[in-house]
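Down below is the structure, laid out as structure tokens.
Source: prediction; values computed, not measured. Numbers restart at 1 for each chain; the letters A, B, ... are given by sequence-line order, proteins then strands.
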Amino acid sequence: MNVTTKYDRPNSYIGSSVPRPNAARLLQGRGRYVDDKILPRMLHAAFLRSPHAHARITRIDTEAARALPGVVAVYDGAEIARHVTPWQGVLTHLAGMRSPDQPALAIDVARWQGEPVVMVVAQSRAIAEDALALIEVEYDPLPAVTDMEAALTEDAPRIHPEIDSNLCWQRDIDAGDVEAAFDDPANTVVERRFTFGRHTGVTLEPRVCIGDYDPSEDRLTMHYSGQAPHMMQSVLSRHLGVPEARVRVIAEDVGGSFGIKIHTYGDEIATMAAAKLLKRPVKFAADRLESFMTDIHARDHRVTARAAIDAEGRLQAVEIDDITGIGPYSVYPRSSGIEGNQVINLIGAPYELPAYRARLRVAFQNKVPMCQYRAVGHPIAMAVMEGIMDDLAAASGRDPVELRRINLRADDSYPSASPQGMKFADLSHQACLDKLLDMMDYERLKADQDRLRAQGVYRGIGFVNMVEVTNPSPMFYGVGGAPIAAQDGATARLDASGAVHVANSITEQGQGSESILAQITADVMGVDLADVHVTTGDTATVPYGGGTWASRGAGIGGEAMLRAATALKDQVLEVAAAILQGRPEALDIRAGNIVDRDSGQIRMGLADLGRTVYYRGNELPDGVAPELIATRHFKVSDYPFVFTNGIMASHVEVDAETGIVTLLDHWVVEDVGTILNEKLVDEQIRGGVVQGIGGALYEECVYSEDGQLQNATMADYLVPMAGEMPDIRIAHVSTPTRTSELGAKGAGEAGTAGAPGAVMNAVNDALRPLGARLSQMPMTPERVLKSLRQGG
Amino acid sequence: MKTNAFAYQRPDTAEEAVRLAAEGGDGARFIAGGQSLLAALNFRLDEPEALIDISRIATLRGIERRENRLLIGALTRHAEVAASPEVARDLPLIARAMREVAHPAIRNRGTFGGSLALADPAAEMPACALALDAVMHVLSPEGRRQVPAAEFFCGMYETALEPGELLTGVEIPLPEPGARHGFSELARRHGDYAMAGLAMMLGPRSGGVPSWARVAFFGLSDCPARSAAAEAAILSGARPEDCAAKACEEIEVFGDLNADEATKRHYAEVMLRRELTRLANDEERTA
């Protein structure tokens, strides 16, 4: 479908689905991923990792490993700690949160299976792995704390002796009279307990880094596969003792990240330390097994939810108890509290809700650390609230759509706020719902469903209304003391040939950030897209800024780009007016030429202008500076986040004898404000939906009771694959945010936020006539069968 | 994930391959498509001293009709078996099962003989070999021998192959006209290891019941297993649901991460009942 924006005009790029300028390069194998880089004198690191979830390290003997030809260095945790200060993943605005010092490599006690214990640096990775086999470590196993609820009991073994329990953080919200709503006999009350498994982000390119230290200038360069170069610059400076200005972080091509590569990993920090100590480049590439045992895991919640509606179907109260297990440390520097915080902040957001009470408890446990992954907290909040909405609909004899319509925030009710204090503006729930029902032909689907049930075919339809956090302000991290910028910067400059070069602090990890930066620039500047050259991901060359995460690239980095390009255009027209002895307001740039604004007549090419300014400055009138470069920064003000909204529906068939769920259709209507490139937005949403479906049906880090990860291979950990995916149809409602000129809200996480709840509701809709209900993700065939046996 | 260092040998003939294997003793491994072995080497679950690469031995590759048998060379790739018109016509069970064997990239490199020699309990081809009464051709420096499928699969990744013996091919008797096949596999995703699978051949009907039946399950136990009880029930003319109830009567079923023992038993029954019902319905339609 076509979405008209204020930027629509001939030759405009904002809003048009242009092909990605970097696609040809990547498809021809010319990508530059970190593992493609081979530096002179480079060494390779490998890590011996704890085989136990919790164990005292009583002896480490590395003598044989050190003696192996080709081995350059062997470090244990204590040795690395002499050169690296520990870190704490605590944000001060999450009041009461605590997490002890975390070392790069385990010292004395290992606290998850996979925690690095010894590092070997050698001429090749194969030699380093040979050396690992020669290292002897003696462990004295300690009781493993794996279950998040058991972790919080009085007599649970303590993971950190310096902390009086395994509680990392607790937050309570109490707004409105919840008890009165539950006690009112006229109200319909439902309650349900949900379980969300652990999963992880499986990136095509694993975590890879190279440390390269030049002692002559005390300069450290990190080649980094990740999303936040400036954050890493600060982290490396703080913990390796190199001045921040002498740390350079370079993220060229990144093969997917999804939030996985935005955290501080001990093995990466140790790699940087080794490079500094050895004064030689050191590369570390996590292999797939290491990725499963060290990349952050996600979700892992148990939620009890209770809700009440009155006789008219209006929500009266929601009460939530969420407990989440985060592994042994809160992850630095973003903390592992944000996920649960977003769960309790976002529950109920699409609806008018008078009373809300929530308790969040974040528990330490002996598993891989858990932290922010695509759509942080959203899938849990959406699945819980929308599951409860379906229960309320069933209990009160209403159609699920009807109940939602009664309660949705009205499109003309903004600005408004939730009981949690979230401030909403420019949302469009009602318009999105109407569009969705139209697109999916809901009435026909329901008729088909009834007809097929009579034949023993069980199909279900599930809905999810979404509110999503995008474009975060400094209230997200910066306020809590983390070295994480909420603003982004953009530079635009014209070169002597008339081409435009731009640099931006957002990053490209496969989603098309660089494409939209080129589009915005070309559109504003009036030049061909091919004449815009984009640089991202290098702290030495791009303006200071946050990077690409939390659905902020387009909304924040894009707005900075718009402003920088606008400023450059003003400079160009100023110079052109001086050369042409006219007024800047009477000129414009079209198709790479300075033209008369009214007649369109070409006055001079941008190349002529560039050459005049840079080579023949003597031709410029006095007072005209030879300056064709502008930098602008942007942050969101007035709101902590630019919330956006959308709605999804899933259509599934459940084989009641095998428990196998077949996905038939999936629909999304999303409001991302101004659409910069519809194809990129749609593919972001589709990719997100697929990742959400992964969590709903397939992906789970399965642990034994003693904390051993049972399925750390791609054969056993099931990512969603194309063959099982339904067609995903997408439509848009566009309500530009008024917090920026561009009007773009985030799009990157929408799919992941809503898909799990939509699929869960669809499965339960299919199971309802069989008297079963499933409240645990992933919804494996075996769990579906068990729910049928237990009748919900 | 790097393998240990090992010697690499690439013989041109099967005879040379088994001679090298004899020389290498316990430290030698044959490698063909490498689709399972390479993963084991990279995990260092196996650290051999020598790999004997048999993939260029031309005589071990190809599909050949010999009277009423089809001989499939051990090195024939899954993709070649899947694309073979002879297999499609004469051994439709294998053609059907091939659709569930992993993914195209794996089928392009993985070999028919490699799958049988590995004897993964969740693999399709070992169960098909049982259902088709295949005969394994085995070579060693001592000579050639033949092992019926029924005696070939001994346990998890265990076969009747002695150390140093090479599976050179598989001889499969062509089912007589009127024989029918049934196949079913339940996996979390298409191409995954089976939670449970069924490969079945039924002889031509005589007097309303099949003249013979071979019902083989995979993914249930430590190796593919025939269900004698289900076969007897089928031959007795019992209804599909009653045959299905016998599916796991003598099979020792082991649960795994995706399906526990009870679920696997249930799946075996559902698959067998559904396939028998489908065949009965087809029969009815034809009649």
Contacting moiety of Arg288(A), where chain B heavy atoms sit under 4.5 Å: both
Segment of Ile660(A) engaging chain B (4.5 angstrom heavy-atom cut-off): side chain
Interface moiety of Glu724(A) toward chain B, non-hydrogen atoms closer than 4.5 Å: side chain
Criterion salt bridge (Lys or Arg N to Asp or Glu O under 4.0 Å) on Glu782(A) and Lys264(B), from CA distance to verdict: CA-CA 9 Å; Glu782(A) 187 160 66; Lys264(B) 284 182 182 258; over 6 Å; no
Part of Asp256(B) within contact of chain A (heavy atom distance under 4.5 Å): neither
Close side-chain approach of Arg189(B) and Leu697(A), heavy atoms under 4.5 Å: no
Chain B contact via Thr713(A) - which portion, at a heavy-atom distance below 4.5 Å: side chain
Toward chain A, the part of Met271(B) with a non-hydrogen atom under 4.5 Å: neither
Segment of Met725(A) engaging chain B (4.5 angstrom heavy-atom cut-off): neither
Chain B contact via Leu785(A) - which portion, at a heavy-atom distance below 4.5 Å: side chain
Carboxylate-amine/guanidinium contact Asp716(A) Arg188(B), below 4.0 Å: no
Side chain / backbone / both / neither for Ala187(B) at chain A, heavy atoms under 4.5 Å: backbone
